[in-house]
Amino acid sequence: MMNYNLFKEVMVERIMDFLPPVFRGCEPVVEKITKVNREMDALTIRPTNGSKDIALPIVYLDEMYDIFKENEDMDSILAFAAGIFLNYTGALEPKHCEITPESIKKHVIPNLINTKRNERLLESIPHRNYLDISIIYRVMVESEYEGFDTLVVTDELLEMSGMSPEELHETAVQNMYDNFPLRADSLQEEDCGASEIFTKNFIIVSNVQELFGAAYMLCNDVLDCIADEFGVDDLYIVPLSIDEFCVVEAREEYLDRLAQLLYNKNISCEDSRCFLTDSVYSYRKGASEMHVAATATAETACVN
């Protein structure tokens with residue numbers, strides 16, 4: 001089978017053969033794009049005159065290669081990529097791309113990501129570090145096609161908003177409360193392989209949209225409320241993904257099982273973008289911060 005580097009070269013060399021004459025005067029360009037938890041090769045067909053009046057779609061070559069491995073039909077992959085460029089290249093329409101200071105303030109929300117896996121991304125955007133995770137910020141924008149998309153807040157967007165980094169954080173958290181309400185559900189054993197010892201005082205927390213819901217993990221009032229509901233002072237926090245986490249009363253005999261649960265959840269996750277951390281955290285009611293209580297490793301997966 002063709003390896004990825006050769007696949008990438010062939011895509012660049014042949015993609016123009018699959019595009020109509022209207023794309024003459026353009027050239028294929030591959031750039032590394034830093035995404036959450038990963039870097040990806042992005043192929044764009046860019047006008048050689050440097051025009052900025054064209055909306056340029058992106059084809060992620062990493063994803064194209066995954067499709068190619070299923071059938072090894074290079075021509076079908078090239079035709080598929082060409083179809084993306086044909087369908088989505090066009091003049092920008094303001095209603096789909098207008099970002100204003102007001103829209104940033106109204107629609108910005110927090111997003112937790114893993115610090116170590118995203119060092120390069122974090123070098124270039126506003127963020128806050130906390131233990132082994134970082135808080136970045138996203139602006140929700142209406143999608144031209146369905147639902148909404150998100151834009152990561154850059155230094156440029158922060159400057160446009162007129163907010164300080166502190167105001168950005170406070171606004172994002174408040175928007176989360178207002179627009180992405182908390183959701184807490186009792187954990188079912190089949191959901192993630194939890195042991196029977198977790199049948200009491202064990203819940204999954206996210207938001208009603210199940211999107212970036214792990215950010216509620218940093219809300220002390222939420223954790224204090226859960227502790228009150230459990231009738232305990234100490235909690236363990238298990239981040240299952242960037243979208244959700246589970247909370248269990250802190251009992252020493254639970255800790256190894258929780259690390260096992262987290263390890264199994266992380267290695268079975270098919271979408272690397274969802275990974276948040278290998279850490280299980282502890283939290284005491286009324287405290288201002290969490291602490292790392294355990295780390296999920298291959299050894300923890302061997303716990304009986």
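For this chain, numbers begin at 1 and follow the sequence in order.
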Is it true that atom [atom1] of [X] has more than 12 heavy atoms of other residues, nucleotides or ligands lying nearer than 6.0 Å?
X	atom1	value
Phe18	CZ	yes
Arg284	CZ	no
Glu72	CD	yes

Legend entry - Verdict with supporting geometry, Thr44 and Glu31, side-chain contact (heavy atoms from CB on, under 4.5 Å): CA-CA 8 Å; Thr44 302; Glu31 297 178 327; 5.5 Å; no
Non-hydrogen side-chain atoms of [X] and [Y] separated by less than 4.5 Å:
X	Y	answer
Phe85	Leu19	yes
Asn207	Pro181	no
Cys219	Met176	yes
Ile113	Leu121	yes
Glu244	Val205	no
Asp278	Thr297	no
Leu122	Ile136	yes
Met64	Val59	yes

Legend entry - Residues in salt bridge (charged side-chain N to carboxylate O under 4.0 Å, His left out) contact with Asp41, at least two apart in sequence or another chain: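 Testing Asp41 for salt bridge (charged side-chain N to carboxylate O under 4.0 Å, His left out), a comparison that skips the adjacent residues, returns Lys8, Lys32.
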Inset, instruction - Kindly write out the residues that satisfy salt bridge (charged side-chain N to carboxylate O under 4.0 Å, His left out) with Asp62, not counting sequence neighbours, or none if the list is empty. - result: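 In terms of salt bridge (charged side-chain N to carboxylate O under 4.0 Å, His left out), with neighbours along the sequence ignored, Asp62 is linked to no residue.
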Inset, instruction - Just grab all the side chain to side chain donor-acceptor pair (under 3.5 Å) pairs involving residues 285-294, residues at least two apart or on different chains. - result: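 Listed once each, the pairs are Asp228-Lys285.
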Legend entry - Derivation of the salt bridge (charged side-chain N to carboxylate O under 4.0 Å, His left out) call for Arg183 and Glu210: CA-CA 8 Å; Arg183 173 179 175 179; Glu210 298 182 350; 2.7 Å; yes
Is [X] linked to [Y] within one hydrophobic cluster, defined over Ile, Leu, Val, Met, Phe, Trp and Tyr using a side-chain heavy-atom separation of less than 4.5 Å?
X	Y	value
Val29	Leu78	no
Val208	Leu211	no
Ile242	Phe180	yes
Met11	Ile84	yes
Val152	Tyr60	no

Within this structure, what is the [atom1]-[atom2] distance for the pair [X] and [Y], rounded to the nearest 0.5 Å?
X	Y	atom1	atom2	result
Met290	Met217	CE	CE	4.5 Å
Thr277	Asn114	OG1	CG	6.0 Å
Cys274	Asn266	SG	CG	10.5 Å
Ile58	Glu63	CD1	CD	11.0 Å
Gln260	Leu255	CD	CG	12.0 Å
Met2	Ile77	CE	CD1	10.5 Å

Inset, instruction - Give the C-alpha distance, both sets of side-chain angles, the deciding distance and a yes or no for side-chain contact (heavy atoms from CB on, under 4.5 Å) between Tyr216 and Ser206. - result: CA-CA 7 Å; Tyr216 271 109; Ser206 183; over 6 Å; no
Legend entry - Non-neighbouring partners of Glu119 that pass side chain to side chain contact (heavy atoms under 4.5 Å, CB included), sequence neighbours left out: Lys116
Inset, instruction - Please name all residues satisfying side chain to side chain contact (heavy atoms under 4.5 Å, CB included) with Asn179, sequence neighbours left out, ordered by chain then number. - result: Asn175
Inset, instruction - Could you point out which residue of Asp233, Asp234, Asp224 forms a side-chain hydrogen bond (donor to acceptor under 3.5 Å, both in side chains) with Tyr283? - result: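 Result: among Asp233, Asp234, Asp224, Asp224 is the only option passing the side-chain hydrogen bond (donor to acceptor under 3.5 Å, both in side chains) with Tyr283.
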Inset, instruction - Would you check if there is a donor-acceptor pair between the side chains of Asp221 and Tyr177 at a distance under 3.5 Å? - result: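 Short answer, yes.
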Legend entry - Gln174 versus Asp178, side-chain donor and acceptor atoms under 3.5 Å: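 There is such a pair (donor and acceptor under 3.5 Å, judged by atom type) between the side chains of Asp178 and Gln174.
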Donor-acceptor check, side chain of [X] to backbone of [Y], threshold 3.5 angstrom: yes or no?
X	Y	result
Thr115	Ile133	yes
Thr154	Ile125	no
Tyr65	Lys69	no
His169	Glu167	no
Ser279	Tyr281	no
Asn37	Phe275	yes
Ser103	Ile99	no
His107	Val139	no
Ser161	Met163	yes
Tyr137	Leu158	no

Legend entry - side-chain contact (heavy atoms from CB on, under 4.5 Å) assessment of Tyr130 paired with Leu112: CA-CA 10 Å; Tyr130 183 70; Leu112 301 188; over 6 Å; no
Inset, instruction - Mind running side-chain contact (heavy atoms from CB on, under 4.5 Å) on Arg14 and Met16 for me, showing each step along the way? - result: CA-CA 6 Å; Arg14 298 188 58 200; Met16 298 305 295; over 6 Å; no
Looking at every heavy atom in both [X] and [Y], which two are closest together, and how far apart are they?
X	Y	answer
Pro110	Ala172	CD-O, 3.2 Å
Pro165	Arg128	O-NH2, 4.5 Å
Leu168	Pro126	CD2-CB, 4.2 Å
Gly213	Phe245	O-CE2, 4.0 Å
Phe80	Ile67	CE2-CD1, 3.9 Å

Inset, instruction - Over 60° means perpendicular and under 30° means parallel, so classify the ring planes of Phe68 and Phe7, tilted if in between. - result: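 Rings of Phe7 and Phe68: tilted, as their planes differ by 30° to 60°.
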Legend entry - With Thr171 via side chain to side chain donor-acceptor pair (under 3.5 Å) - residues at least two apart: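 If we apply the side chain to side chain donor-acceptor pair (under 3.5 Å) test to Thr171, skipping adjacent residues, there are no hits.
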Inset, instruction - Applying salt bridge (charged side-chain N to carboxylate O under 4.0 Å, His left out), run through Glu39 and Arg120 and close with a yes or a no. - result: CA-CA 9 Å; Glu39 284 190 336; Arg120 182 172 297 183; 2.6 Å; yes
